[in-house]
Structure formats: structure tokens, C-alpha cells
Amino acid sequence: MELLDKLAAQLDGLRDKSLLRTRRTVETPCAPHVTVDGRRLLAFCSNDYLGLANHPAIAAALQEGVARYGAGSGASHLISGHSRAHAVLEERLADFVGTNLIEARALYFCTGYMANLAVLTALAVGDKSTEIFSESLNHASLIDGARLARTVVRVYPHADVAALDALLTASAAANKIVVTDAVFSMDGDLAPLPELLAVCERHGAWLVVDDAHGFGMLGEGGRGALEHFALRSPYLVYVGTLGKAAGIGGAFVAAHRIVIETLVQRARPYIFTTAAPPALAHALLTSLEIIGGDEGRARRTHLQGLVAQWHDGLRLQRWGALPSQTAIQPVVIGTNEATMRAAAALYEQGLWVGGIRPPTVPDGSARLRVTLSAAHTADDVARLAAAVNSLERS
Ligand SMILES: *Cc1c(COP(=O)(O)O)cnc(C)c1O
């Protein structure tokens, strides 16, 4: 059939460019050591930065949540799906990050992807006088949210505060929205949030911060990028995701109560979808307790030790390790082919590292995306560093 032939030809084209993606099926819980196709592997590719995805207390809380609230929510939040579990979680989240916001409320979403679509469409939609200013390395969900907002989108270069300032100065828009990742997902570096916020306040612009990789990780209490930089402002709209460091799934937006009420009333990705199972929200209370307590602090300290060890252990000449201080530790190789060959060679040795290609990263900067977790040991990291070093020289 002609239609299928066209799709098949497209897939062949991806294969030719080493861009075809494949899925591996994991038989065991998310952890450093997993079983794939009957093989034991040491994995460095999850975003389970604190090692909470298979934490016994969180798994037990999930079971308790099921016993108390059942399996599904049955409806969207505005119909009958808004459970006490969701309400309690939102209060807890607002308290958790609220010191960095003004009159904070929080809203729980099924995924971070949806939360980002919701924020950008609800702050912008229907308003032709809106312009969105988007950082060039932003996550796909922010790019899609900006597109869905159906308004002018201007992209500013990575971490270039002066360029953003110039774009804002040149803009006549009455409603300006600046949006950035806090920790860049494929580079591991931090956005210059204090400088960005100062520029936004000067121009009367919102600053939407997507802290998918910072929530749980940054700041003394794990409260994320705003705590790390000690920022506080009514201009801030904070998005945290709960499937990475928090170990479960979903996301939240925290902001001034009027922003949150606007999302409840207007954000289609919030309104037209079934509420997440309440048991997830219930289990997330235990995640938050761990993140904010002594155990979370100890896990973050252990991870920082692994990051230092990783940098000390690498001996690279052709490939480039980015200077990241977060759990995201990319090794830039260059071509798609060489990157996938390196990932395959590591896999042969029982080491699972993700190879990242365009369009996720710019052309010519394909890379291994090593992610470290508090669940890794020093021996795990030493083993990977040795393998990467010898592979680079081969
Ligand atoms: C993972 C991620 C998201 C999406 O969050 P999900 O909960 O996985 O949908 C959004 N933004 C960034 C920067 C991310 O890394």
C-alpha cells in the first residue's frame, strides 16, 4: 500500500542516518543494576537521580494509597477526579517550594510535558499581545507549549542574558513570558536564573522555570533551583517534575495563587484529561519527606561525591566531558555513528548509557548522556570511567 510504503521509506531514511531509535525492555525495577534480555546490566541512563524509584518506603506508600483510594481517579479534576490525595499533595508542594514565591499555590499534573503545555498556553492564549522568549536549549515540551500558545516566539541563545535583554527591550508586547530549563537536560549546566529574573523584573516579564532536573536535587533542602539561587519573586512560575528525582511520576506548577487559578480555569492540558491515580499523589508525600529530610540530604551529598569522582577519573582527549556539576554528565562525541558505536561497545561490556542524537541535541554534537544516581556506588562509577577512557583510545 502506497501510504505504508511512504512511512517505510521514511523509517529507512532514519536508519541510514543512524537515527532509528529502539526500546529495550527492562525486566526489573528501575535501579543501577537491571535485567534486559536476560542480561544483567549496570545502567547510567535513568533520571532516578536520588534512587527513589524503587525505594521501599515509597513503594509501601503507593500500596497504602491504593488501599485507601483504589486504582484510578475516574474523571478529570474539574468533574469528580480530584481526590483528597491530590489536594493534600498540592498543599504540601506549595509549602515545600512556597518560600521562594509570593502567595504560592501548587497544581499537580499527570506529566511535566502537560504542565509545560498548560503554563504556556494559559498565560498566553487568546492574547495577541503576548510574546514568548524561549531559551535555545529548552526541552521539547516547552517548545511545543510555545507553539501551542499560538503567539510570537523569540528564541534567545543559550544562557545569553544580554541577548534576552535586547529582545525584551525591542518588544512592544504587553504580556511577555520568558521560559527556560533550570538545569539543561542534555548538558547538565544551570541557567543563570538570578540574572534572568532581574531582567524579567525590569521588563515586567514572567519567568517560567522548568526545574525537571533540579527539583529534589538543588538547594540545601532539595527544593530546587529557586532555593539554590535564593530567588523570590511574584514574576516566577515554577514547574517541578516528579518522575525524576522524586521517583514516581507527574509534575506540578507552583506560582502565585492567581496564576494557579488561571491554570485551573483555562489550561486545556489540565482540564481535558483524567486525573492521575490518587495513589501516586499519596506516595509522593513520602517522596517529599525523604527529599526534604536527612536521607535526601545524605543522598545528594553521596551523588556530589560521585560527580567529583567521575570528573577525576576521566582521561579524555578526543571526546569532551562537559563541565556539569549535576547528575547529568554528557560526553560529547560528535557524529551520530561514532556515538552509537560507543554506546553499543559499552553495552557489550554490560554498561548501559544512552546515546543522544539530533534533534534532541544540535547536529554534530551527539553524545553519551551519562546520568549518575545516588543509588550508584563509587565502584560503579569507577567501572564506567575506566570503560569510557579505554574506549576513547581504541
Ligand atoms: C523530563 C522533562 C520534562 C517532562 O517531564 P515528564 O514528567 O517526564 O513529562 C519537562 N522538562 C524537562 C526539562 C524535562 O527534562
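Side-chain atoms are counted along with the backbone in the values below, which use heavy atoms only and exclude waters and symmetry mates. Ligands are counted one by one from 1 in listed order, and the atoms in each one are counted from 1 as well.
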Anything under 3.5 Å between a donor and an acceptor, one on a side chain of residues 269-284, the other on a protein residue two or more places apart or in another chain? List them.
unit_1, atom_1, unit_2, atom_2, d
Tyr270, OH, His77, ND1, 3.4
His282, NE2, Glu64, OE1, 2.6

### Task
State the OH-CZ distance between Tyr108 and Phe252, to the nearest 0.5 angstrom.
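With rounding to 0.5 Å, OH (Tyr108) is 11.5 Å from CZ (Phe252).
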
### Residues that Thr169 engages under side chain to side chain contact (heavy atoms under 4.5 Å, CB included), provided they are two or more places apart
Asp165, His203

### Query
What is the minimum heavy-atom distance between Arg369 and Ser185, and which atoms define it?
NE-O, 2.7 Å

Donor-acceptor pairs under 3.5 Å, side chain of residues 94-102 to any protein atom, not counting sequence neighbours: which ones?
unit_1, atom_1, unit_2, atom_2, d
Asn100, ND2, Leu226, O, 3.3
Asn100, ND2, Leu231, O, 2.8

For ligand 1, list all ligand N or O to protein N or O distances below 3.5 Å, rounded to 0.1 Å.
unit_1, atom_1, unit_2, atom_2, d
ligand 1, 7 (O), Gly112, N, 2.7
ligand 1, 9 (O), Gly112, N, 3.1
ligand 1, 9 (O), Tyr113, N, 2.9
ligand 1, 11 (N), His139, ND1, 3.4
ligand 1, 11 (N), Asp210, OD2, 2.5
ligand 1, 15 (O), His213, NE2, 2.5
ligand 1, 15 (O), Lys244, NZ, 2.6

### Query
Does Arg39 make a cation-pi contact with Tyr347 (under 6.0 Å, within 45 degrees of the axis)?
yes

